[in-house]
Every structure is written in structure tokens, then in C-alpha cells.
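Take a look at the structure below.
Residue numbers start at 1 and run along the sequence shown.
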Amino acid sequence: MTHATRRLEPGGYLSPDEEQAMDRALLRDLEPEAGRLYDRHARVAQEWFPHDYIPYRLGRDFDKEPWTPDQPRLTGVAQTAFEIGLLTEDNLPSYHRLIHGMFGKGDGAWINWVGRWTAEEGRHAIVLRDYLTVTRNIDPVAIERGRMAQLQQGYEHDAPSTLRGLAYVAFQELATRISHRNTGRYSDDPVADRIMVRIAADENLHMVFYRDILAAALKVQPSAAVRAIVDEVLAFQMPGAGIANFVRKAAQIAKAGIYDLRAHRDEVLLPILRHWRIFELEGLDAAAEDARRRLVEHLDALDVAARRFEERLAASPVHRLASGS
């Protein structure tokens, strides 16, 4: 299937103009709920300041005392997890462009949310970089070169439909919350852990917005929403996948128990799918019913793969984080 058309029903396709018209109509239908959820978010979100989390007393001038590999307290997988976390957060300009393209039309609740989300996300890279630089836990030259490469590459992703976009960000925000939270726990550093608790709280509120706005979409277009959700589950990929050597580093992070298949299935996919009551919805069209069948098969396959991964690790000497996020 090309990007120019999207399947609507068996035997039928939407043209790009029809697709855009449906997305605009859906955004209009959901705007009152987006406004309500934005107001709820603004009431519960806590203001915080990156500088309050940084132990500046540990800072030293790099021109007088250059960075050397013996300086970091974080080593191995902890360093890798922080590197992936920071470089992923660094790519905010690309995420903003994509989110703005999906939801940023007009001057109402949607554009207000896009601006608020972007502003809150911007603090994450600030606090992570300041922490890693002041504590000398990662080579500052290497991390800056990584930032340059990551931003020049950007996050290349065809703009999805509104429904698929909402499904992706709901899952991705929860996945990021768990990954960040577990990175802090794994670091065995109270300062790092406190920072990651704070970032994870932001990510959780962002997830709740997207989860609940898609719950509203399920009432408007239940069959289309189910198909979009399943398509996104089957194609899911974390936004850091473009980072150099990401597959190898993600494998190290998985072995350490920071983010693995078990966490992805049991702590990300299942809680949100249950919240949406995906398996209890009635009156779906044939394509949506088929999508639910494929979803069950995928979840079962993930469970099998996760158990095999855990069995292989049972005899491994790799330090692994205890379960619980």
C-alpha cells in the first residue's frame, strides 16, 4: 500500500484529500474534549525548574580539568540508558513538527496542547544534559556530537492519520515514562533517580491526555480507531531508533531490565488497551474484528518471546533491575 492511499473498508480506499477531510472532521469533533483534557492537565501539572535538580557544587571548569574516562560514576548500561534518553529528548524539534502537523491546526484547544506539550518536554533534555555535564557522567564532547548527528538526521516519519498518531503517542509516552523511571532506579544515584522521577511524572500526564482523547475517538469512530490502534501496536518503534548503534544499546538496556519485551507488553500495551476496553467493544465492522484477532495473536507472541528472553537471562551474570516501575 502506498502512502497516497489509506484503506477504509475491504475493497475501498481513501484518497489523500478524503483522508485529510476525515482527519479534520475528527479533530473538530474531538476539540471540546481536547479542551477539557487540556484544562485538566493544566490544573494538575506541577511547575518545576531544571536547575533545582542539579548538584552544581560538583561542577568544575572543563578548560582547567578536561573530561577523562575515569571520572563518571555511572558506567556501562547506566551510561547507555542516559545517553539514549537524552538523545531521544534532544530530538524535540522533529517531534514538535510531527505533532503540530497532526494536531496543530487552528487556534483552539489542539494548538494550545501542542504548545504546552512541547514546552514541558523541552525541560527534559535541559535537566538531563545539565546533570550529565555537571557530574561528568558522560563525555560532553561525545554527547554533543551525538546531539548534532541526531538533530541533523531528525525523526523521519510519514505523518500518520489522526487516529494512528494518537495511538502512537499514547503508547510512546507510557513507554518513555517506564524507561526513564527505570533508568533512574538502575543508576543507583539518588540525584539521577530524583530527576527521572520528575521527568516520568511529566510523561505520565502526557500519556493520560493522549489515552483519554483516543478514548473519546473510540466513541466517535470505534471501528476506525480499533484498526488504527492495532496497526500502531504492530508497527510500534521507539523514537530513539535512529540513534547510532541503537539496536545494540537497546539490547543492553533490555538485558538490564530497564525496558524489555515484558515491560512493553505488560506495562505499556496491556494497561492502555484495557483502559480503552478494546476487547469488550461491540458493533465493530469486519475489518476491526479482524484487527482485534491480529492483536490477540501479537500479544500472545510477545508473551512467548518475553518468556524465552527471560529464560535465557536466568543464567546470565548481567545485573538486572528488579521488576516494578
So is R262 actually on top of F309's ring, under 6.0 Å and inside 45° of the axis?
-> no
In this structure, are over 12 heavy atoms from other groups packed under 6.0 Å from R145 atom CZ?
-> no
Looking at side-chain heavy atoms only, is the closest gap between L295 and L273 below 4.5 Å?
-> yes
Sorted by chain and number, sequence neighbours left out, side-chain contact (heavy atoms from CB on, under 4.5 Å) with L26 holds for L30, T162, L163, V220, Q221
Aromatic ring centroids of F209 and W113 under 6.0 Å?
-> yes
In chain order, what residues pass the salt bridge (charged side-chain N to carboxylate O under 4.0 Å, His left out) check against R320, with sequence neighbours excluded?
-> D260
Rounded to the nearest 0.5 Å, the CZ atom of R227 sits from the CG atom of D290 at a distance of 10.5 Å
Under 3.5 Å: donor-acceptor pair, side chain of R123, backbone of P50 | no
Which atom of H264 lies closest to which atom of Y259, heavy atoms considered | ND1-OH, 2.8 Å
Please determine if E297 and R294 form a salt bridge, counting it only when a charged side-chain N lies under 4.0 Å from a carboxylate O.
-> no
Heavy-atom donor-acceptor pair, N112 side chain to G108 backbone, under 3.5 Å | yes
Whether over 12 other heavy atoms sit under 6.0 Å from Q46 CD = no
Are any side-chain N or O atoms of E83 and backbone N or O atoms of Q79, one a donor and one an acceptor, separated by less than 3.5 Å?
-> no
Around K249, counting heavy atoms of other residues, nucleotides and ligands shown, do more than 12 lie under 6.0 Å from its NZ?
-> yes
Measure the acute angle between the ring planes of Y210 and F103, then classify it against the limits of 30° and 60° as parallel, tilted or perpendicular.
-> tilted
T183 OG1 to D193 CG distance, which is reported to the nearest 0.5 Å = 10.5 Å
Say you draw a straight line from CD of E232 to CZ of F171; how long is it, rounded to the nearest 0.5 Å?
-> 8.5 Å
Please list all pairs passing the ring-ring contact (aromatic ring centres under 6.0 Å, His included) test where one or both residues lie in residues 286-305, with sequence neighbours left out.
-> none
Check: Y186 ring centre within less than 6.0 Å of H319 ring centre | yes
L86 versus L132: any side-chain heavy-atom pair under 4.5 Å?
-> yes
Taking 4.0 angstrom as the limit, do R308 and E311 come out as a salt bridge?
-> no
Presence of salt bridge, R43 and D39, under 4.0 angstrom | no
Under the 4.5 Å side-chain heavy-atom rule for ILVMFWY, direct or indirect, which residues accompany F62?
-> W67
Contact list for residues 77-100, test ring-ring contact (aromatic ring centres under 6.0 Å, His included), sequence neighbours left out = F82-Y131, Y95-Y155, H96-H100
Donor-acceptor side-chain pairing of T176 and E173 below 3.5 angstrom = no
Just wondering, more than 12 heavy atoms not from R277 lying within 6.0 Å of its CZ?
-> no
Closest approach of S223 and G283, non-hydrogen atoms and distance?
-> OG-O, 4.4 Å
same_hphob_cluster(L166, L234) at 4.5 Å side-chain heavy-atom cutoff | yes
Flag the pair L281 / W276 as yes when at least one side-chain heavy-atom distance between them is below 4.5 Å, and no otherwise.
-> no
Does R136 use its side chain to pair, donor to acceptor, with the backbone of R60 at less than 3.5 Å?
-> yes
Counting N and O atoms only, with roles assigned by atom type, does the side chain of D189 sit under 3.5 Å from a partner on the main chain of V191, one being a donor and the other an acceptor?
-> yes
For V44, what are the other residues in its hydrophobic cluster, where any two members join if their side-chain heavy atoms are less than 4.5 angstrom apart?
-> L205
Is the backbone of G184 close enough, under 3.5 Å, to the side chain of S187 for a donor and an acceptor to pair up by distance?
-> yes
Is E33 salt-bridged to R36, cutoff N-O under 4.0 Å?
-> yes
What one should report as the nearest heavy-atom pair of V134 and P55 is CG1-O, 3.3 Å
Flag, side chain of E121 to backbone of L92, donor-acceptor distance under 3.5 Å | no
Do you know the tightest heavy-atom contact between I243 and Q153?
-> N-NE2, 4.4 Å
Working to the nearest 0.5 Å, report the span between CD of E203 and CD of Q172.
-> 7.0 Å
So does E120 pair up with R116, basic N to acidic O under 4.0 Å?
-> yes
Any donor-acceptor pair under 3.5 Å linking the side chain of Y53 with the backbone of A192?
-> no
What are the two closest heavy atoms between L128 and I199, and how far apart are they?
-> CG-CD1, 3.8 Å
Which atom of A167 lies closest to which atom of A228, heavy atoms considered = CB-O, 4.4 Å
Side-chain contact, heavy-atom cut-off 4.5 Å: D90 with R129?
-> yes
